[in-house]
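Read through the structure below, which is laid out as structure tokens, and then see the notes.
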Amino acid sequence: MTGTTPQPPSKAQLLELVAALGTAQWQDFAATAARHGLTSVQAKLLAQLKGPVPMRGLATLLVCDASNVTGIVDRLEARGLVRREPDPSDRRVKNVVATDEGRETIRRVRAEMQATHSALDALDEAERTTLYGLLDRLRPGLEHRA
């Protein structure tokens, strides 16, 4: 009996799996955001606000036109989830800042993503640590691409 060593997964197989996981996570995020009365894009914008972000910067992060960001911010601002502030170094620039309610809302959205949390529960602590390390190594090559 000859033993065969399993072939390592191809790059295409890895990319397909990463894409499937990303799609499932995004669907879970969007469904959870909807339960909080947010569109997926509104929730994504809220998730980007770790500090003040210029309107143009949000357009870049969301990969959309600046005029679209204005409407999204208007709706979030009407709900008290964000506010606009003049940039201290250039008063012509408007920064968007999450309010306490906005930060709490996006925290709850992330905490309530049951499908994603359940999937990660299949991994023990050591496996999660390993997966995190591997994904973190991939991140620099994938972020900030034009």
Side-chain angles (χ1 to χ4, degrees), residues 2-66 68-85 87-89 93-146:
T2 358
T4 60
T5 7
Q7 292 295 312
S10 68
K11 287 180 184 177
Q13 289 170 313
L14 287 171
L15 291 172
E16 185 177 311
L17 183 56
V18 168
L21 293 171
T23 298
Q25 186 271 342
W26 177 250
Q27 289 169 340
D28 192 20
F29 181 77
T32 306
R35 288 194 297 274
H36 287 273
L38 297 170
T39 67
S40 55
V41 176
Q42 288 171 335
K44 185 177 179 184
L45 185 148
L46 206 49
Q48 299 295 325
L49 297 177
K50 293 167 185 62
V53 180
M55 295 282 284
R56 267 210 196 289
L58 285 171
T60 302
L61 288 169
L62 297 174
V63 192
C64 69
D65 192 72
N68 292 342
V69 171
T70 300
I72 297 165
V73 170
D74 286 347
R75 288 184 285 286
L76 290 172
E77 194 171 37
R79 287 191 51 192
L81 301 177
V82 301
R83 69 179 177 275
R84 289 177 175 94
E85 297 178 345
D87 187 291
S89 62
V93 173
K94 293 293 182 207
N95 288 329
V96 179
V97 180
T99 63
D100 289 343
E101 186 180 349
R103 283 188 291 279
E104 177 58 20
T105 299
I106 199 63
R107 186 203 62 74
R108 284 196 324 264
V109 166
R110 288 178 172 138
E112 294 171 16
M113 292 173 61
Q114 291 307 310
T116 303
H117 288 283
S118 295
L120 291 172
D121 287 343
L123 303 177
D124 64 29
E125 191 174 303
E127 290 169 326
R128 285 193 309 268
T129 300
T130 299
L131 179 60
Y132 182 88
L134 292 170
L135 294 173
D136 196 45
R137 280 180 45 201
L138 295 177
R139 185 189 303 203
L142 298 172
E143 284 185 342
H144 309 297
R145 301 251 173 188

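Here the shortest heavy-atom pairing between H36 and R79 reads O-NH2, 3.1 Å. For G102 against L46, the heavy-atom pair with the smallest separation is O-CD2, 3.6 Å. Of all the heavy atoms in V93 and P54, the pair that sits closest is CG1-CB, 3.9 Å. Contact detail for S40 and F29: the closest heavy-atom pair is O-CE2, 4.0 Å. Of all heavy-atom pairs spanning E112 and R35, the tightest one is O-NH2, 3.6 Å. Contact record, L81 with L38: CD1-CD2, 3.8 Å, taken as the closest heavy-atom pair.
Within a 6.0 Å radius of CD in E104, more than 12 heavy atoms belonging to other residues, nucleotides or ligands are found. By the 6.0 Å contact criterion, NZ on K50 is enclosed, its count of non-hydrogen atoms from other residues, nucleotides or ligands being greater than 12.
A distance-only check finds a donor-acceptor pair linking the side chain of D28 to the backbone of T116 [under 3.5 Å]. No donor-acceptor distance shorter than 3.5 angstrom exists from the side chain of R137 to the backbone of G133, with no hydrogens or angles considered.
Within the model, atoms CD1 of I72 and CG of L76 stand 8.0 Å from one another, a figure rounded to the nearest 0.5 Å. Here the CZ-CG distance, from R139 to L134, works out to 13.0 Å after rounding to the nearest 0.5 Å. The distance from atom CD1 of I106 to atom CD of Q42, rounded to the nearest 0.5 Å, is 10.5 Å. A distance of 12.5 Å separates CZ of R107 from CG of D100, quoted to the nearest 0.5 Å.
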Walk me through it: do L45 and Q48 pass the test side chain to side chain contact (heavy atoms under 4.5 Å, CB included)?
CA-CA 5 Å; L45 185 148; Q48 299 295 325; 5.6 Å; no
Test side chain to side chain contact (heavy atoms under 4.5 Å, CB included) on Q25 and L21 and set out the steps.
CA-CA 6 Å; Q25 186 271 342; L21 293 171; over 6 Å; no
Before giving the answer on side chain to side chain contact (heavy atoms under 4.5 Å, CB included), spell out for L49 and L58 the whole-Å C-alpha distance, their side-chain angles and the decisive distance to 0.1 Å.
CA-CA 9 Å; L49 297 177; L58 285 171; 4.0 Å; yes
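The residues D74 and R84 are annotated as salt-bridged, a charged nitrogen and a carboxylate oxygen being separated by less than 4.0 angstrom.
Identified under the salt bridge (charged side-chain N to carboxylate O under 4.0 Å, His left out) test for residues 115-129, with sequence neighbours left out: none.
Each of E85, M55, R83 was compared with K94 under the side-chain contact (heavy atoms from CB on, under 4.5 Å) criterion, and only M55 meets it.
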